[in-house]
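Here the structure comes first, spelled out in structure tokens, and everything after it is commentary.
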Amino acid sequence: MQDPKVRFDGRFSEAGAEATPWAAARAVLESAQMFWITTVRADGRPHVTPLVAVWLDGALHFSTGPEEQKAVNIAGNPHVVLTTGTDEWRHGLDVSVEGEARRVTDRATLERLAAAWAGKWDGQWRYEVTDDGRAHRPADGEGVAHVFAVEATKILAFGKGPFSQTAYVP
């Protein structure tokens with residue numbers, strides 16, 4: 001999502017609140033070190049877990065082992081929500097990204113993502129890209145990881161102080 005339409009929702013906002021500019025919501029996505037992903041199990045129950053993600057080329061990217069619950073869920077239902085923000089009541093901006101997770105296997109994109117992850121966490125989150133379109137995390141011994149991109153169908157920003165709700169759509 002590069003230049004979305006901005007829609008302020010006054011129904012869920014304090015009097016006098018204004019739409020959060022897209023640049024502010026994007027800055028949260030670019031700088032956040034932790035996200036929570038929600039996927040849907042085969043029986044319809046939600047599954048929520050924390051993970052690290054990077055915003056690159058207008059999409060949010062994350063990785064997971066192919067046998068982890070979120071990967072199993074995505075194989076059956078690619079609809080996900082990734083959320084980040086603060087744990088404060090009256091300060092900050094919480095942002096949720098809704099969309100479908102799709103595997104990234106292009107080596108050039110995976111290399112750029114590996115560099116983005118390494119730069120964001122001071123080299124503590126490193127990947128080596130394999131020739132078969134996977135990432136390998138040798139430093140922590142976790143082995144193979146699949147990388148996913150979520151191109152947003154909708155992004156919601158929840159301002160706190162004053163409270164506001166802003167939607168961004170392609």
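Looking at every heavy atom in both residues, Y127 comes nearest to A145 through CE2-CB, 3.9 Å. In this structure, A17 and S13 approach most closely via the heavy-atom pair CB-CB, 4.2 Å. Across all non-hydrogen atoms, the minimal contact from V72 to P66 is CG2-O, 4.5 Å.
Under the rule for a salt bridge (charged side-chain N to carboxylate O under 4.0 Å, His left out), the partners of E30 that lie at least two apart in sequence or sit in another chain are R26. Partners of K120 under the salt bridge (charged side-chain N to carboxylate O under 4.0 Å, His left out) rule, at least two apart in sequence or in another chain, do not exist in this structure. With sequence neighbours excluded, no residue forms a salt bridge (charged side-chain N to carboxylate O under 4.0 Å, His left out) with D87. Listed by chain and number, the residues in a side chain to side chain donor-acceptor pair (under 3.5 Å) with S96 are T83 (sequence neighbours excluded). Taking the side-chain contact (heavy atoms from CB on, under 4.5 Å) definition, one finds that D3 meets it with nothing, sequence neighbours left out. Qualifying side chain to side chain donor-acceptor pair (under 3.5 Å) partners for T38, counting only residues two or more places apart in sequence or in other chains: none. Under the rule for a salt bridge (charged side-chain N to carboxylate O under 4.0 Å, His left out), E18 has no partner lying at least two apart in sequence or in another chain. In this view, N77 and V40, H79 satisfy the side-chain contact (heavy atoms from CB on, under 4.5 Å) rule, not counting sequence neighbours.
Counting only residues at least two apart or in different chains, ring pair (Phe, Tyr, Trp, His ring centres under 6.0 Å) contacts with residues 30-55 are absent. Pairs passing the salt bridge (Lys or Arg N to Asp or Glu O under 4.0 Å) check and including a residue from residues 47-63, sequence neighbours excluded, read D57-R112.
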Worked check of side-chain contact (heavy atoms from CB on, under 4.5 Å) between L51 and K70
CA-CA 11 Å; L51 51 66; K70 56 189 164 290; 3.8 Å; yes

Is there a side-chain contact (heavy atoms from CB on, under 4.5 Å) between T49 and I37 once you walk through the steps?
CA-CA 6 Å; T49 188; I37 186 169; 3.6 Å; yes

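To the nearest 0.5 Å, atoms CG (L110) and NE2 (H146) are separated by 10.5 Å. Rounding to the nearest 0.5 angstrom, the gap separating the CG atom in L56 from the OG1 atom in T109 is 8.0 Å. With rounding to the nearest 0.5 angstrom, the CH2 atom of W22 is 14.5 Å from the NZ atom of K5. One distance of note links CD1 of I74 with OG1 of T39; it measures 6.0 Å at 0.5 Å rounding.
Here D43 pairs with R45 in a salt bridge; the nearest charged N to carboxylate O distance falls below 4.0 Å.
The number of heavy atoms from other shown groups lying within 6.0 Å of CZ (R41) is above 12.
With hydrogens and angles disregarded, a donor-acceptor distance shorter than 3.5 Å links the side chain of H61 to the backbone of A59. Remark: the backbone N or O of G65 is paired with a side-chain donor or acceptor of E68 at under 3.5 angstrom.
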Under 3.5 Å donor-acceptor pairs involving side-chain atoms of residues 147-170, not counting sequence neighbours:
residue, atom, partner, partner atom, Å
E151, OE2, R102, NH2, 3.0
T153, OG1, E98, O, 3.2
K160, NZ, T86, O, 3.2
K160, NZ, T86, OG1, 2.8
K160, NZ, E88, O, 2.7
K160, NZ, D94, OD1, 3.2
K160, NZ, D94, OD2, 3.1
T166, OG1, T20, N, 2.9
Y168, OH, T20, O, 2.6

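Looking only at side-chain heavy atoms (C-beta outward), L29 and V97 come within less than 4.5 Å of each other. Between V54 and L113 the shortest side-chain heavy-atom distance falls below 4.5 Å.
Criterion: ILVMFWY side-chain heavy atoms under 4.5 Å apart, direct or through other members. Under it, W117 and M34 are part of a common hydrophobic cluster. Hydrophobic cluster membership is shared by M1 and V80, with clusters built from Ile, Leu, Val, Met, Phe, Trp and Tyr side chains linked at under 4.5 angstrom. Hydrophobic clustering, with ILVMFWY side chains joined whenever heavy atoms are under 4.5 angstrom apart, groups V6 together with L93. Under the 4.5 Å side-chain contact rule for hydrophobic residues, V129 and V52 share a cluster.
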